[in-house]
Amino acid sequence: MSKAGKWRRFIPFYLMMIPSLIYLFINNYIPMFGLVIAFKNVNYRIGILKSPWAGLKNFEFLFRTKDAWTITRNTIAYNLVFIVLGTVIAIAVAILLNEISTRIVKNVYQTIILLPYLISIIVVSYIVMAFLSYDTGFINKTLFGAIGKEAISWYNEPKYWPFILVVVYIWKHFGYSCIIYYATVVGFDRGYYEAAVIDGATRWQSIRLVTLPMLKPTIITLTLMNIGRIFYSDFGLFYQVPLNSGPLIDVTNTIDTYVYRGLITLNDVGMSSAAGFYQSIVGFILVMLANWVVNKVDKENALF
Amino acid sequence: MSNTPKSKRVLAFALVVLMLAVLFAGCGGGSQSTASTGSTSTASQASTGSSTAASSTAAPKDDGPATKVTLVSMTSGDSSAAPDVSAEVSKISKEKINVELNITLINQGSYKDQLNLMLSSGEDLDIFLAGLASPLATYVNNGQIIPLDDLMAQYGSSIYEALPIEYIEAGRVSGELYGLATNRDLANYYGFFMRKDLCKKYDIDYENIHDLDALEEALIKVRDGEPGMYPVASGSGGSMVSSWGWDALNDRLGVLMNCGLTDLNVVNLYETDEYRDFVTRMRKWEQMGIIMPDAANNPDTAEANMKAGKAFGGFGHLKPNTYLTKARSSTHEIAIAEIIPAFATTSNVQGLIWAIATNSKAPDKAMQMLNLMYEDPDITNLTIFGIEGTHWKFVDEANAIINYADGVDAMNTTYTPVLGWMWPNQFIGHIWEGDEPDVWEVLDNFNRSANKSMAMGFAFDNANVKNEVTACMSVLDKYHNSLMCGSIDPETTLDQFNKELYDAGLQNIIDEKQKQLDEWAAVNKK
């Protein structure tokens with residue numbers, strides 16, 4: 001087929017693309033103008049464009065104290081754990097779901113797994129408190145009471161919180177990615193499995209040798225997406241769930257909570273834009289890096 | 001893998017991206033909306049500029065069509081009748097100053113966010129209630145509000161009558177007047193509020209409790225006599241009390257001790273003996289079982305815990321009719337021990353203050369409207385309570401005592417009347433049934449007679465020390481509430497607390513504050 005003919009054949013597809021391109025442009029590209037705010041000393045009276053330039057001054061507050069190390073460490077470390085554990089658990093559950101043959105049971109499980117994802121984080125913080133409250137909480141009162149262990153003041157003991165936060169995060173979020181994996185697994189051609197059974201594969205072998213390799217592109221895509229957000233943290237999880245407890249700050253302070261704490265009184269759009277700018281730039285670089293690595297290792301599955 | 005058809009993989013990928021797009025659409029929303037409002041604001045800014053010029057030439061003659069003035073404030077419940085109220089107010093204001101008022105009420109919870117959006121997007125907005133979450137100086141630095149000195153001189157006569165001059169002066173930022181305080185409790189005293197019935201039961205002479213030693217004795221009686229009840233509950237968010245005799249100078253980073261009555265020496269609060277004594281005492285009380293457990297993370301108010309029968313009382317910033325307001329929220333009769341006598345600070349006054357937005361197309365009319373609101377009782381009653389007959393009725397007309405209209409109650413009213421203190425001048429309005437008939441005189445006298453901090457009228461501008469303030473806020477969050485609630489031991493943490501504050505740059509903030517305060521004092525001859 002000639003080049004022009006090929007082009008003509010795709011015209012309907014390009015036409016179909018136009019609405020979403022317009023949407024992308026309006027919603028995702030035009031607002032990029034706002035990035036300029038990160039470098040300005042915004043004064044509404046004269047407008048953003050005429051406001052004086054601030055250079056990199058708006059970024060200073062993110063780096064100048066020793067908190068900079070703590071918040072960066074917390075944000076990245078928690079997100080790494082979330083990505084690894086979240087992916088493993090979501091895939092495991094998705095495969096298990098797929099092994100269930102009764103339709104009703106499957107639907108019930110699916111719903112139960114997704115439910116926490118839909119609960120507001122404020123409600124979650126109260127659920128957590130119902131477990132951890134010093135004098136009325138389930139763990140101190142019922143569990144420790146029964147075995148005669150001394151009550152723990154959970155909200156004053158930083159050492160437990162990395163685990164608590166990970167449990168809460170996984171409980172709340174794995175349902176969503178689990179559904180994505182499950183939808184992918186359901187779409188696999190049953191023929192592969194039948195062939196595997198005929199060749200004498202056990203269930204475990206067909207999971208390991210058929211399902212997982214076919215899931216690889218989805219896993220890579222989702223992980224790359226998550227890496228892009230590794231510098232963001234779930235504000236509700238790190239601020240509301242620990243009830244903004246002072247003694248826990250060393251293990252719960254992330255970039256987002258630090259920015260919130262500092263700027264709630266300053267109300268400085270320049271500084272908050274700077275924080276957002278910094279987060280997205282680092283996310284962008286990390287995605288490029290990760291994609292580059294995937295490209296080296298397994299060209300087929302790279303994102304771009 | 002390689003044997004999967006390519007098209008299928010593309011499809012799978014597209015699906016994943018689509019689902020993620022749905023997932024992230026929610027997260028991205030916030031930042032995108034701020035960015036896009038930013039872009040629109042520049043456009044409208046230009047148009048505001050030109051129309052200001054146009055309207056200022058038209059302003060002097062008052063016989064033309066009425067000028068529209070938009071007022072934005074907050075509500076704590078259903079206030080869907082605001083347009084009707086606006087119409088009623090406009091009837092009066094059209095006749096007096098040829099202004100048509102449009103009242104927009106935003107719910108308390110989202111007030112700050114929506115207001116910021118309105119201010120930065122160049123929406124029609126003339127008068128608004130400022131100072132709630134951001135200090136007045138922030139609005140000034142952002143160029144969101146205009147100075148009022150000239151307008152006040154021209155149109156503000158009633159405001160000078162309604163507000164004591166010290167409290168008007170406290171609306172200044174860097175020497176210029178930017179805000180007008182609402183007439184309410186502009187000073188506070190600090191102490192302990194508690195259940196009156198239990199005071200009687202344990203023979204507690206609350207009127208003669210003026211220090212923490214005496215209070216401690218009383219609390220021990222309650223602890224021993226009422227198992228299952230905490231003698232002291234913290235406030236919501238784990239704050240024990242907002243001040244204990246210091247003028248916070250806006251942000252508690254560098255304060256004046258002794259209520260700001262002795263000198264203008266800015267000191268680090270957390271190093272003072274007063275602070276050490278207070279938190280050491282709280283730690284002792286916590287160990288003695290006087291303070292509720294997990295006090296620093298308590299999500300409820302002390303009154304809510306009292307209502308639930310779990311608490312005897314709590315610390316608070318108080319005013320003459322606190323015993324009534326706290327009785328309503330705690331459903332118990334309230335006794336009060338006054339420990340730190342009343343004093344007023346700039347932070348108190350600027351906490352709720354009316355300002356005129358830069359967006360305003362007719363600042364002179366906006367000022368006239370504000371002036372009218374301080375002066376006209378009918379407008380005050382309309383804006384606070386709604387329309388007579390629809391929302392409220394007289395219970396005792398001679399004493400101007402009112403209550404909900406027939407068939408209307410707190411649950412079904414379309415104009416929630418509980419935030420009287422945020423309107424310009426509630427002192428000239430009616431009195432809600434249950435309040436003391438002389439409540440406004442008492443409050444007015446209280447304001448006038450309260451001690452004034454020497455730095456009253458000084459507002460700190462933190463523009464030069466923003467990085468330090470941001471860093472210090474994080475340190476404060478880490479230690480302050482926990483210390484105030486006795487959750488951590490000051491013996492081992494107070495030094496660390498101060499070290500971290502200085503590492504975060506507290507000294508720079510104090511130096512800057514002292515410098516500004518000295519300059520202010522020189523100008524104002526303090």
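In what follows, chains are A, B, ... by sequence order, proteins preceding strands, each numbered from 1. Any value given below was found using the heavy atoms of this structure, including those in side chains, with hydrogens, waters and symmetry copies removed. All values derive from a computational prediction rather than experimental measurement.
Closest heavy-atom contact between K57(A) and N467(B): O-OD1, 4.3 Å. Looking at every heavy atom in both residues, Y258(A) comes nearest to A471(B) through OH-CA, 3.5 Å.
For D251(B), no part lies under 4.5 angstrom from a heavy atom of chain A. Residue Y126(A) touches chain B through its side chain alone, counting heavy-atom pairs closer than 4.5 Å. Both the backbone and the side chain of N142(B) come within contact range of chain A, judged by heavy atoms closer than 4.5 Å. Both the backbone and the side chain of N43(A) come within contact range of chain B, with heavy atoms under 4.5 Å apart. Of the atoms belonging to L483(B), not a single heavy atom falls under 4.5 Å from chain A. If you measure heavy-atom distances from S482(B) to chain A, the contacts under 4.5 Å come from the side chain alone.
Atom CG of residue N298(B) and atom CE of residue M129(A) lie 7.5 Å apart, to the nearest 0.5 angstrom. Atom CD of residue E60(A) and atom NZ of residue K466(B) lie 11.5 Å apart, to the nearest 0.5 angstrom. Rounded to the nearest 0.5 angstrom, D477(B) CG and I249(A) CD1 are separated by 5.0 Å.
Residues Y230(B) and D135(A) bring a donor and an acceptor atom of their side chains to less than 3.5 Å of each other. Side-chain atoms of N297(B) and S245(A) include a donor-acceptor pair closer than 3.5 Å.
Enclosure of atom OH in Y502(B) by more than 12 non-hydrogen atoms of other residues, nucleotides or ligands within 6.0 angstrom is indicated.
Comparing S487(B), A504(B), P299(B), C472(B) by heavy-atom pairs within less than 4.5 Å of chain A, the highest count is held by P299(B). The residue among S177(A), S153(A), P247(A) with the most heavy atom pairs within less than 4.5 Å of chain B is P247(A).
Although no hydrogens or angles enter the test, the distance criterion places no donor-acceptor pair under 3.5 Å between the side chain of D294(B) and the main chain of S133(A).
Of the residues listed (D67(A), D250(A), N253(A)), the one engaging K478(B) in a side chain to side chain contact (heavy atoms under 4.5 Å, CB included) is D250(A), and it is the only one.
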